[in-house]
Amino acid sequence: GMTFDVATDGTPQANDYYMFKVQNVEVLKIDKDGAATMKDNLTIGDGTDDDFSLVFNGATSSGSVTWMEDEDHFQYSDDILMLGSQKLYFYDDATGSAGTDYIHASADGILEIDAGTEVQIDATTVDVNGNLDVSGTLTFAGAITANTSVVPDATGGADLGSTALEWGDLFIADDKKIKFGNGQDA
């Protein structure tokens, strides 16, 4: 059976609570301030084709998490904050443990996207507003358009091609020149 206990004598006390028990096992306890403790899982919904919301009403700000039944995803009405070294995982391994694909902030101002094999960005345009620091090989399948110059990291510090991988034809505008040496006079 189910029992409902009220621990109060009518005068507010620090340890007042409401308790729900099923077969003499505490399943839900609500203290005088509204803090709730639940023994196991909480199921919201009754199998119908409805959206369900968990609403948070604060004194100056509010928020909600809504299960969107037809869309099959959650909708958040406010920002989500991940504290410290916490991670947002995107895949689990065969045992159900967190996999190797996640996003996290490794330090203040540093956002890392970690993947076991590949990070794929699939968009018509990817706009990078900042310097790009690539530690590995950069491979392009299409053309590279430079708005100003393509330069090495130091004078004489990089080659264009190699003995094994030469460039093809070089096309230069009629009024342009190829300049060699420090004086660039040849």
Side-chain angles (χ1 to χ4, degrees), residues 41-42 44-45 49-56 58 60-186:
N41 299 324
L42 172 65
I44 299 174
D49 193 25
D50 295 323
D51 295 345
F52 299 98
S53 294
L54 182 58
V55 179
F56 304 89
T60 57
S61 299
S62 298
S64 67
V65 177
T66 302
W67 169 250
M68 309 293 290
E69 175 64 23
D70 292 337
E71 294 82 0
D72 193 21
H73 64 244
F74 287 102
Q75 174 181 306
Y76 297 86
S77 69
D78 215 333
D79 298 336
I80 299 173
L81 173 64
M82 302 293 287
L83 297 176
S85 62
Q86 301 303 308
K87 299 172 180 152
L88 179 60
Y89 287 92
F90 289 91
Y91 185 78
D92 58 356
D93 65 13
T95 65
S97 298
T100 58
D101 308 322
Y102 55 85
I103 296 175
H104 74 116
S106 58
D108 187 22
I110 299 176
L111 180 66
E112 292 187 22
I113 301 173
D114 293 295
T117 305
E118 177 181 336
V119 174
Q120 181 175 343
I121 301 173
D122 188 0
T124 304
T125 301
V126 176
D127 187 3
V128 178
N129 295 308
N131 296 328
L132 193 59
D133 183 0
V134 179
S135 299
T137 302
L138 196 56
T139 304
F140 293 94
I144 300 171
T145 301
N147 291 331
T148 56
S149 302
V150 177
V151 297
D153 61 344
T155 300
D159 297 328
L160 192 57
S162 69
T163 57
L165 294 169
E166 302 92 356
W167 284 93
D169 295 332
L170 180 62
F171 299 89
I172 300 175
D174 287 338
D175 61 339
K176 300 301 178 184
K177 299 176 177 81
I178 297 177
K179 300 180 180 183
F180 298 97
N182 290 336
Q184 299 177 355
D185 51 6

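Counting only N and O atoms by type, the side chains of Ser53 and Ser64 include no donor and acceptor under 3.5 Å apart. Side-chain polar atoms of Gln75 and Thr66 form no donor-acceptor pair below 3.5 angstrom.
In plain terms, the two heavy atoms of Val119 and Ala115 that are nearest each other are CG2-CB, 3.8 Å. Counting all heavy atoms, side chain and backbone alike, Glu112 lies closest to Asp114 at OE1-OD2, 3.4 Å. Between Tyr102 and Phe90, the shortest heavy-atom contact is CA-CD1, 4.2 Å.
For the atom pair OG (Ser106) and CG (Leu111), the distance works out to 8.0 Å, reported to the nearest 0.5 Å. Note: Leu54 CG to Tyr76 OH = 10.0 Å, rounded to the nearest 0.5 Å. Note that the CG atom of Leu160 and the CG atom of Leu170 stand 8.0 Å from one another [nearest 0.5 Å]. Distance CD1/Ile103 to CD/Gln86: 14.5 Å, rounded to 0.5 Å. Atom CD1 of Ile113 is separated from atom CG of Leu88 by 11.0 Å, given to the nearest 0.5 angstrom. From Thr100, atom OG1 reaches atom NZ of Lys87 across 10.5 Å, with rounding to the nearest 0.5 Å.
For an aromatic pair to be called close, the ring centres must be under 6.0 Å apart, and Trp67 with Phe74 satisfies this.
Looking only at distances, a side-chain donor or acceptor of Asp51 sits under 3.5 Å from a matching main-chain atom of Glu69.
Using a 4.5 Å cut-off on side-chain heavy atoms (C-beta onward), Asp49 and Asp70 make contact. Under the 4.5 Å side-chain criterion, counting only non-hydrogen atoms from C-beta, Asp108 is not in contact with Ile110.
Around CG of Asp175, the count of heavy atoms belonging to other residues, nucleotides or ligands within 6.0 Å exceeds 12.
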request  = Could you walk me through whether Asn129 and Asp127 pass the side-chain contact (heavy atoms from CB on, under 4.5 Å) test, one step at a time?
outcome  = CA-CA 6 Å; Asn129 295 308; Asp127 187 3; 3.3 Å; yes
